[in-house]
Number of protein chains: 2
Amino acid sequence: MATPRFDIIGQALSDASRTRMLCELMEGRSFTNKELAGAAGITAQTATAHLRLLQDAGLVVAEKRGRCVFHRLAGPEVAQVLEQLAGIAPTDSLYRAQRHKAKDLAQVRSCYDHLAGPLAVAMTEALLARGHLRQDNGGFVAVAGPVWARLGVALPTATSRKPFVRPCLDWTERRLHLAGPLGTQILTQALAADWLRRPSRGRGLVVTQPGLRAFHDILGLGARLERINVTPPREDA
Amino acid sequence: MATPRFDIIGQALSDASRTRMLCELMEGRSFTNKELAGAAGITAQTATAHLRLLQDAGLVVAEKRGRCVFHRLAGPEVAQVLEQLAGIAPTDSLYRAQRHKAKDLAQVRSCYDHLAGPLAVAMTEALLARGHLRQDNGGFVAVAGPVWARLGVALPTATSRKPFVRPCLDWTERRLHLAGPLGTQILTQALAADWLRRPSRGRGLVVTQPGLRAFHDILGLGARLERINVTPPREDA
DNA sequence: GCAACACTGCGGTGCGGAGCGAAGTGTTGA
DNA sequence: TCAACACTTCGCTCCGCACCGCAGTGTTGC
């Protein structure tokens with residue numbers, strides 16, 4: 001029989017402690033055993049067992065540095081499947097209430113290594129509308145132009161084999177946004193330029209005043225950003 | 001915390017008997033309790049418990065007719081997520097061997113309610129190349145023309161809210177193909193016109209001689225179909 | 001060398017659930 | 001009415017595994 005081994009992945013996802021750790025890792029950063037144990041509310045030795053299971057299932061990879069072990073998602077495709085799964089997760093009333101409560105937080109967030117949520121969708125659609133991005137066989141292709149330099153992105157000179165831009169389906173918006181190396185560059189640059197800031201915990205991001213200006217000047221996102229109801233930027237730390 | 005409840009879905013997918021039943025249901029048809037029990041190699045009373053769990057997770061719906069209970073996947077989005085999951089399932093050597101062995105069978109197959117596999121990808125790309133299909137914001141839009149009538153498909157007169165054509169990612173090909181109501185119509189028509197036949201078991205389909213002719217005449221798929229290495233059609237039953 | 005620290009291994013407990021046999025319910029057809 | 005049938009419910013056994021306490025290994029910093 002050629003039945004795909006869903007069960008190996010399913011087994012890995014079947015425990016609430018493991019899914020809490022995975023949600024933590026969805027942010028895209030690496031975390032130590034202890035941090036993940038704390039996030040899941042379990043002891044370190046239990047977390048060790050869970051993480052080995054996730055590793056065996058191919059969802060997570062580990063990297064030893066000194067006396068610490070850093071864990072991260074095995075790749076963007078894992079994050080994408082988890083986002084898809086979140087889309088069909090049962091919507092019991094409690095979960096629905098929680099999702100509503102967390103609405104503001106989810107407005108701007110990172111999905112593994114790129115931006116997600118309404119801001120990402122708005123940016124993608126602005127890039128398409130202004131002709132900086134073109135659709136090609138279900139994927140996106142970047143059109144050379146000065147806008148990319150203003151976003152802090154370097155387009156590859158030669159067209160490489162691997163897709164430079166990959167569409168990723170957003171589970172709250174159910175619309176496409178930018179992933180792939182280009183999406184990664186945009187997020188990295190936005191953090192480096194202090195357009196976005198990552199709070200100490202969680203996947204949520206906050207937009208700063210310079211960020212608001214930049215997104216308005218470069219992409220004309222003024223009106224869309226107001227609807228997004230961003231968390232107000234904090235005072236200088 | 002607003003952590004999505006992966007674990008409910010994961011729990012449902014974490015057992016090999018349940019995933020065997022789900023693979024059976026991926027074909028898109030309804031099956032009785034007894035049939036699914038047989039496919040999974042378990043007794044009826046055990047299958048009852050499994051199917052209730054799948055129902056609670058929202059993956060499967062049941063319909064009682066007389067003394068029989070028919071089970072089917074809860075919707076196309078469930079089938080799509082399962083296809084995605086199959087794409088990141090661990091590729092141990094045994095599974096790889098099985099997949100290779102089942103290569104011919106997977107050439108033409110149904111994915112819930114539409115065609116999948118290389119034939120579906122080839123059809124989609126032919127429709128795009130000939131301008132019968134257009135890409136729009138990550139989705140497909142059908143362009144009116146005589147080709148649809150030849151395929152036995154009726155396009156909706158008014159543009160409805162729900163997407164008439166939905167792209168679906170193929171896990172063996174990793175390329176987009178047609179899903180949504182249009183994909184369903186194409187599969188239904190191909191079966192009705194005896195272009196494709198469904199064998200007694202499994203998701204695989206066979207292409208008949210009239211089917212080969214039709215796909216060549218309507219879409220110019222002659223060369224692509226040869227590469228697809230279809231199972232030769234059987235003699236009249 | 002020694003203490004502090006991060007992580008892993010081992011043994012034990014307790015719970016959930018996969019499986020089946022036996023019995024019960026509801027439907028179909030003779 | 002009765003037998004055959006599809007499915008469900010109940011009770012039971014057995015196995016896997018989530019969890020922790022405790023002990024051990026390897027690393028860091030004094």
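Below, all heavy atoms of this structure are taken into account, side chains as well, without hydrogens, waters or symmetry copies. Here is how names work: the chains are called A, B, and so on, in the same order as the sequence lines, proteins then strands, and each is numbered from 1.
Using a 4.5 Å heavy-atom cutoff, the side chains of Val60(B) and Leu22(B) are in contact. Using a 4.5 Å cut-off on side-chain heavy atoms (C-beta onward), Leu151(B) and Trp195(B) make contact. Ile9(A) has its side chain out of reach of Phe6(A): every pair of non-hydrogen atoms, C-beta onward, lies at least 4.5 Å apart.
Residues Ser14(B) and Asp7(A) have side chains that never bring a donor and an acceptor to within less than 3.5 angstrom of each other.
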- Task: Using a 4.0 Å heavy-atom cut-off, write out nucleotides 13-23 of chain D from 5' to 3' as B (base contacted by protein), S (sugar-phosphate only) or - (no contact).
- Result: ----SSBBBB-
- Message: For a quick check, with a 4.0 angstrom heavy-atom cut-off, what is the B/S/- contact string for nucleotides 2-7 of chain D, read 5' to 3'?
- Response: --BBSS
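For Arg52(B) and dT8(D), the shortest distance from a side-chain N or O to OP1 or OP2 is not below 4.0 Å.
The residue from Leu191(A), Thr208(A), Val207(A) that alone fulfils the side chain to side chain contact (heavy atoms under 4.5 Å, CB included) condition with Arg197(A) is Thr208(A). Just one residue in the list Val61(A), Leu36(A), Leu54(A) forms a side chain to side chain contact (heavy atoms under 4.5 Å, CB included) with His71(A), and that residue is Leu36(A).
The rotation axes computed at either terminus of the helix from dG1(C)-dC30(D) to dA30(C)-dT1(D) lie 30° apart, taking five pairs at each end and rounding to 10 degrees.
For the pair Arg65(A) and Phe70(A), the cation-pi test (distance below 6.0 Å, angle within 45°) is passed.
For Gln55(A) and dC7(C), the CD to P distance is 13 Å, given to the nearest whole Å. Atom C1' of nucleotide dG9(C) and atom CG of Leu51(A) are separated by 16 Å, given to the nearest angstrom. Per the geometry, CD belonging to Glu63(A) stands 14 Å off P belonging to dC7(C), to the nearest Å. The CE atom of Met21(B) sits 11 Å away from the C1' atom of dA18(C) (whole-angstrom rounding).
In this structure, the side chain of Thr124(B) engages the main chain of Ala120(B) through a donor-acceptor pair within 3.5 Å. Side-chain atoms of Arg20(A) come within 3.5 Å of backbone atoms of Ala40(A) as a donor-acceptor pair (strictly under, hydrogens ignored). Panel note: side chain Thr188(A), backbone Thr184(A); a donor-acceptor pair is recorded below 3.5 Å.
Remark: Glu63(B) engages Arg72(B) in a salt bridge, criterion side-chain N to carboxylate O under 4.0 Å.
Residue Arg65(B) is out of contact with every strand shown, counting any heavy-atom pair closer than 4.0 Å.
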